[in-house]
There are 2 protein chains.
Amino acid sequence: MSATRRRELVLEAATRVFGDEGYAGATTDKVARAAGVSQPYVVRIFGTKENLFLEVMERAGNRLLAAFTEEIARIDSELALPHRLGLRYVTMLQDRGLVLSLMHGFALGADPVIGASARCGFMNIYRLVVNEGGFTPAEAYQFLAGGMMINTMLGLRMGDEFDTDPDVRDLLREAFPEKLDVFLAVTRSHQERA
Amino acid sequence: MSATRRRELVLEAATRVFGDEGYAGATTDKVARAAGVSQPYVVRIFGTKENLFLEVMERAGNRLLAAFTEEIARIDSELALPHRLGLRYVTMLQDRGLVLSLMHGFALGADPVIGASARCGFMNIYRLVVNEGGFTPAEAYQFLAGGMMINTMLGLRMGDEFDTDPDVRDLLREAFPEKLDVFLAVTRSHQERA
DNA sequence: TTAAGAGGTAATCGAATGATTACTTAGGAC
DNA sequence: GTCCTAAGTAATCATTCGATTACCTCTTAA
């Protein structure tokens, strides 16, 4: 297999593993197993585990930027842009580990190199919705806050309790006023992992 | 020193360490050093590192519940309750690592034991503001989303860029419309750690 | 035919880490 | 005084993990 294709497969696997276990909790061996290659090869492709995580975060940030950019460019919709971006974000939860890897990175701001990259990635989203999407800072804040709440619901696997706790049901219905089915489907697909 | 007092000191130290490094990234040795005791003693007090983290999360959740409960009981204020709870939350950021430890736990929902505890702690807050604070589910959602956004700004150490990036300034002014000074003070006190 | 380079792995190493064991010390109770 | 218990540590162990080294195996071009 070509090196670039293999590299992409490893990045996808790493995204899932880092999303589940976090930076410190994940191991290069778990990533290698998930990608179907040997552990030394993962290290050889990316140099260090830290480098691999940085690439995972960068890739995730770029995917979000690309999706939002595409949505901003759409004109064949009567829905308001914040609403459309929110729907688009929920759709992206199906890309397993994508936003969870970012969330783990967002909690590691104390790390000099990971923190700097995470701050940069976050602000790129902010700048996009303000500069290209025409959001006011207040609108951008509200949009991002909703995103962080969705991240938390995903990270907590809150969907696992949807059927057992009526309060969870109420909360998730607020967090996902339209695409609750998508979130619950994502939850179920994550459960199959274990 | 009495065992209970020592135990409390270790819990405080562990809260800071787990807040900075996360569950997997933290080590019992770092906690021990921060608490001024030996590593085996930390293990002996709490049995396992996982147990220690669970106690840190539980303690943090209880502190939040206590503060919100107290604020809900206050009647000598003309401010709306969501507003007062938000101010109270920002005040609690001064307790170093408290909310960051929770945030790390919120990203570990895939872990069977940590995840269950984290979900429980989160829903306890939700239930409090709904049942005791009289919030509608929509109000509770908005309140919690703001909290998750604040957690993210703290985890990212976004305050470090307040002076260098005007977009960061705009965003933080939205996230902390009143107590921005408190957040920036917390940021600075965290920097002194390194 | 063969040499060379790309894609990949097995074996292994050193450091870090959670946990265990055995030991030490201080302070009452009798 | 001495015994006993609670508080605490030094030494150490087994495992795990990231990284390194040496090697293997195709394909391809001269």
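FYI, side chains are in, hydrogens and waters are out, and symmetry mates aren't considered; it's all heavy atoms of this structure. In what follows, chains are A, B, ... by sequence order, proteins preceding strands, each numbered from 1.
- Residues B:N131 and B:Y126 bring no donor and acceptor atom of their side chains to less than 3.5 Å of each other.
- Apart from B:I75 itself, the hydrophobic cluster it occupies contains nothing, where clustering links Ile, Leu, Val, Met, Phe, Trp and Tyr at side-chain heavy-atom distances under 4.5 Å.
- Distance from the side chain of B:V43 is smallest to C:dT20 among C:dT20, D:dC17, D:dT20.
- Between B:D165 and A:R127, some side-chain heavy-atom pair lies under the 4.5 Å cut-off.
- A donor-acceptor contact shorter than 3.5 Å links the side chain of A:H104 to the backbone of A:G19.
- Taking a 4.0 Å limit (strictly below) on heavy-atom distances, residues 9-19 of chain B does not reach DNA chain C anywhere.
- Note: CG (A:N51) to P (D:dA19) measures 9 Å, nearest angstrom.
- To the nearest angstrom, P of D:dG8 lies 7 Å from CD1 of B:I45.
- In this structure, the CZ atom of B:R33 is 11 Å from the P atom of D:dA10, given to the nearest Å.
- Backbone-only contact: B:A26 has heavy atoms under 4.0 Å from sugar-phosphate atoms and none from a base.
- Computed from coordinates, the B:E50 CD to C:dT17 P distance equals 18 Å when rounded to whole Å.
- The shortest non-hydrogen separation linking B:A118 to B:M57 is N-CE, 4.1 Å.
- In this structure, A:F68 has its ring center closer than 6.0 angstrom to the ring center of A:F143.
- At a threshold of 4.5 Å between non-hydrogen side-chain atoms, the residues B:F46 and B:L54 do not count as touching.
- Atoms CG (A:D29) and C1' (D:dG18) sit 10 Å apart, rounded to a whole Å.
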Dump every N/O contact between nucleotides 8-10 of chain C and the protein below 3.5 Å, one line per pair.
from  : atom 1 : to    : atom 2 : distance (Å)
C:dG8 : OP1    : A:R6  : NE     : 3.2
C:dG8 : OP1    : A:R6  : NH2    : 2.8
C:dG8 : OP2    : A:R6  : NE     : 3.4
C:dG8 : OP2    : A:Y41 : OH     : 3.1
C:dG8 : N7     : A:R44 : NH2    : 2.5
C:dG8 : O6     : A:R44 : NH1    : 3.0
C:dT9 : OP2    : A:S38 : N      : 2.9
C:dT9 : OP2    : A:S38 : OG     : 2.8

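- Geometrically, A:K49 engages A:Y23 in a cation-pi contact defined by less than 6.0 Å to the ring centre and at most 45° from the axis.
- Note on B:T28: a side-chain N or O is less than 4.0 Å away from OP1 or OP2 of C:dG18.
- Between the OG1 atom of B:T136 and the CD atom of B:Q142 there is a distance of 9.0 Å, given to the nearest 0.5 Å.
- C:dA15 atom P lies 17 Å from atom NZ of B:K30, rounded to whole Å.
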